[in-house]
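Read the structure below first, then the notes.
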Amino acid sequence: EQRGVDELRKYYEVYETIGSGGFAKVKLGRHILTGEKVAIKIMNKKDLGEDLPRVKVEIEAMKNLSHQHVCRLYQVIETSTHIFMVLEYCPGGELFDYIVAKDRLSEEETRVFFRQIASAMAYVHSQGYAHRDLKPENLLIDENRNLKLIDFGLCAKPKGGLSYELMTCCGSPAYAAPELIQGKAYIGSEADVWSMGVLLFALLCGYLPFDDENCMALYRKIARGRYDNPRWLSPGSVLLLNQMLQVDPKRRLSVRQLLDHPWVMKDYNSPVEWYSRQPLGHIDEDCITEMAVNMKRSRESTTALVKEVCEIYTYHISLFLLKRLASPSEEKRSTAERGRGTQHCRDRRA
Ligand SMILES: Cn1cc(Br)cc1C(=O)Nc1[nH]nc2c1CN(C(=O)N[C@H](CN1CCCC1)c1ccccc1)C21CC1
């Protein structure tokens, strides 16, 4: 038990618990070398039981996803007893709590968030994944009030691509598409669009379009697809919701059609940018130049060094490290600390 945490404490200070869910808890942490705050998702393998595959699914997915509106997975530390996922820290907490605190959001504020959700989903789908558990609890607010998508434990990456049908019924009932809860074969990306429609309704209204304490009654409401539009919704909002909450998935808007939908474009007059701003394996030329100057090395040898360091660390950690190495304040850091840094690399290689 303790050995697992010791491994983690080599690289991170671990502070209080900021979230606890079924089989995991999330603690605030700080990367010792870089001082960056992180969120550490801690799972005890014994408690995971049959949920262990879900964790592996989430780790595999997040390793392949790098996008400005998807929560970053920096590092995974696995010991005999624990799995630690070191993730991006979002000081704004869950979008769910934000909506509850404000009762409901204005159309303008909803549009800002909805464009970010569409950006994240277009990217996730472009990588062949369906999230399948989209809800305000799974969208975090970062320090710049940007949304970050989390909880990929239920996501799917069909072998044959996203047009392949899925069978497993999962996710939170209130956000689940009719075809999904009726146990029919469904397309993951189409079910995600339905969930985005429920999410859009929750943002604009502050409550759910389909709700009932009784699970079967809830299922009937979703399968019927009838809901009331409150009087404060604009005609544009009513229309978009109607196009997303279509019971027949073939009549439902696609994520691509959302990106330049009139409601989404209002006030922006430009489609949603969904390309990743930090594609995986991207080496920043400016960073290389700055480093080469600071370390009095050629650009070629500096690039070779960066590729070497990136092999040892996950891409994001090395980004932190390289910025610290490149920045002039580096000169002031004690040699001991710098030595520890190098030592750190050797440990990782060992
Ligand atoms: C609640 N809160 C308040 C402040 Br201020 C910051 C936070 C906060 O949680 N920030 C935060 N940053 N990064 C993360 C988090 C939470 N977080 C999460 O992954 N949070 C999820 C939240 N899920 C939504 C539905 C069920 C659980 C979680 C998953 C398993 C156990 C506990 C929490 C990460 C690691 C990605």
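Start at 1 and go down the list; that is how both ligands and their atoms are numbered. Keep in mind it's a predicted model, so treat the numbers as computed, not measured.
Counting protein heavy atoms only, atom 27 (C) of ligand 1 is closest to D151 OD2, 3.7 Å. Among protein heavy atoms, the minimum distance from atom 5 (Br) of ligand 1 is reached at P91 O, 3.0 Å. Regarding atom 15 (C) of ligand 1, its nearest protein heavy-atom neighbour is L140 CD1, 3.4 Å. Closest to atom 35 (C) of ligand 1, if we only count protein heavy atoms, is L87 CD1, 3.6 Å. For atom 12 (N) of ligand 1, the nearest non-hydrogen atom of the protein is C90 N, 2.9 Å.
Note that the CG atom of L140 and the CG atom of N146 stand 12.0 Å from one another [nearest 0.5 Å]. Note that CG of D192 is 12.0 Å distant from CD1 of I117, once rounded to the nearest 0.5 Å.
In terms of polar-atom proximity, K135 is not counted as a contact of ligand 1, lacking any N or O under 3.5 Å from an N or O of the ligand. Residue contacts with ligand 1: G92 is placed with no nitrogen or oxygen under 3.5 Å of a nitrogen or oxygen of the ligand (distance criterion only).
Among all heavy-atom pairs drawn from T110 and L200, the shortest one is CG2-CD1, 3.5 Å.
Each of the following atoms of ligand 1 lies closer than 4.0 Å to a heavy atom of E137: 24 (C), 25 (C). Residue K41 has at least one heavy-atom neighbour below 4.0 Å for each of these atoms of ligand 1: 29 (C), 30 (C).
Annotation: side chain of I32 is not in contact with side chain of R9 (no heavy-atom distance under 4.5 Å).
For K221, the NZ atom is densely surrounded, since the number of other residues' heavy atoms within 6.0 Å is greater than 12.
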